[in-house]
Amino acid sequence: MCANPVTRFAPSPTGKLHVGNLRPALLNWLYARKGGGQFVLRIDDTDAERSKEEYVDAVKRDLEWLGLDWDRYERQSERMDRYNAVADELRAQGRLYAAYETGTELGLKRKTLLQSGRPPVYDRAALNLTDEDKAKLEAEGRKPHWRFKLDQTRTSWTDGIRGDVNVDCASVSDPVLIREDGGFLYTLCSVCDDIDFGITDVIRGEDHVTNTATQIQIFDAMGDKPTGFAHHSLLVDADGSGLSKRLGSLTLESLREAGVDPLALLSYMARLGTSEPIEARATHAEIIEGFSLDTLGRAPARFNREEIDALGVKMLHTRPFEDVAPLLADAGVETAIAPKFWELIRENIASTDEISDWWKVVTGDITPDIADEDREFVTTAQAAFDGAKPWDETTWKTVTDALKTETGRKGKGLFMPLRKAMTGRSNGPDMGALLPLLKR
Ligand code: GLU
């Protein structure tokens, strides 16, 4: 890791972020924060047709919810002049060439190559076109798309996760950098941006390994030193299947709406696919502290939603009052007893949605659960509790001791009917501590 690394998360705003997108977002953020560097949010919105403002807003909302703050914000759609200038430079170098094949023609070429057992690499036919040929094609109404002429050599780098990697660019098609409608593909724009924004390290999914080889060649053509690269493995479903539809549709928004604790999600994702145990972390600082890129492995990371929920429940049980005070207020909990109330219920809930259920227990807005055989006993007990003085932490013991003597009931037979009658439930906080909060 270099000192003060600068990383970026670069989503294309063509849909909502899902759990698979969270991995590069979080890893880049952690890497920057751990090294005391900077994290850039870059919106890759050169595809005007598919990019939508609502998705840009959604990306920001998701990152804000997770507390993944950015130091700089950029949009590719605002940098077209720069990309055009770089494209001109590459054309002048003979590294960017016009090609005119249609999608159907390219598909046919691919098919023929595959059928004869050869790799489906673009044959560079366009390089042989004369100016006359091109003029003729354009007169027919064809527009060029622009391909980057790769050096057909092995391109290598030391990957931050995968170690020494090399890609034989002789078996890679010259990538299209500009579409026939003039739209830039992210491949070129990303290199320009990484240079201009001083990005030092790019952490992204292993589906980008081939892109990296071509982008390293673009860095070279532009006369710049490539950034560092690290390719993480992809998420798979807990049962081992690839990023299934199920995971792809598990959006961060849906997790937020389901009440998932953002710190539970981050604690989980920060350690998923690493050699370190997954542990609940109460703050972002602790997650940063426990992070190291070196611990990431190459095996696919198995994503299990249930583990996040379990972590969340564990974290809820130790969550300090200050953290949940606004939620308690929203549920109508009286300020004066809110701290005590939280201390009592937090270990008995699986989600903050249950706060209001327990508040109903305090206000008496419940249906008492009384078995027929306990009815008489509960009536006796009710009279005893009604007359009890003082109404504090000693009351439960004093009254139940007296009931024990009076009725001969003991243990569960004594306590359970009382708990069920007073709370409508068979489990919950210690009754001695809860009782003084209950409205008589
Ligand atoms: N917009 C690209 C993507 O979402 C960015 C990839 C990268 O990190 O370079 O795939």
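Whatever order the structure lists ligands and atoms in, that order sets their numbers, starting from 1. Quantities reported herein were computed from a predicted structural model and do not represent experimental measurements. Side chains are part of it too, since the values below use all heavy atoms of this structure and drop only hydrogens, waters and symmetry mates.
- Counting only distance, with no hydrogens or angles, the side chain of D174 and the backbone of L150 share a donor-acceptor pair below 3.5 Å.
- With hydrogens and angles ignored, the 3.5 Å screen pairs a side-chain donor or acceptor of N348 with a backbone N or O of L344.
- Protein heavy atom closest to atom 10 (O) of ligand 1, with residue, atom name and distance, is H208 NE2, 3.2 Å.
- Side-chain contact of D45 with S77: a donor-acceptor pair under 3.5 Å is present, judged by distance alone.
- Looking at R42 next to ligand 1, no N or O pair under 3.5 Å apart turns up.
- Using a 4.0 Å cut-off to heavy atoms of D44, the atoms of ligand 1 that qualify are 1 (N), 2 (C), 5 (C).
- Side-chain contact annotation: D193 with Q76, donor-acceptor N/O pair under 3.5 Å present.
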Determine, stepwise, if the pair R425 / T423 fulfils side chain to side chain donor-acceptor pair (under 3.5 Å). CA-CA 5 Å; R425 299 145 182 263; T423 70; 5.4 Å; no
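- Counting the atoms of ligand 1 from 1 in the order shown, those under 4.0 Å from a heavy atom of S12 are 1 (N), 4 (O).
- Of all atoms in ligand 1, listed by their number and element, those nearer than 4.0 Å to a heavy atom of R8 are 7 (C), 8 (O), 9 (O).
- Taking every non-hydrogen atom of R204 and a distance limit under 4.0 Å, the qualifying atoms of ligand 1 come out as 7 (C), 8 (O), 9 (O).
- Note: an N/O pair closer than 3.5 Å links A10 and ligand 1 by distance alone.
- Within the 3.5 Å criterion, the main-chain N or O of K149 finds a donor-acceptor partner in the side chain of R95.
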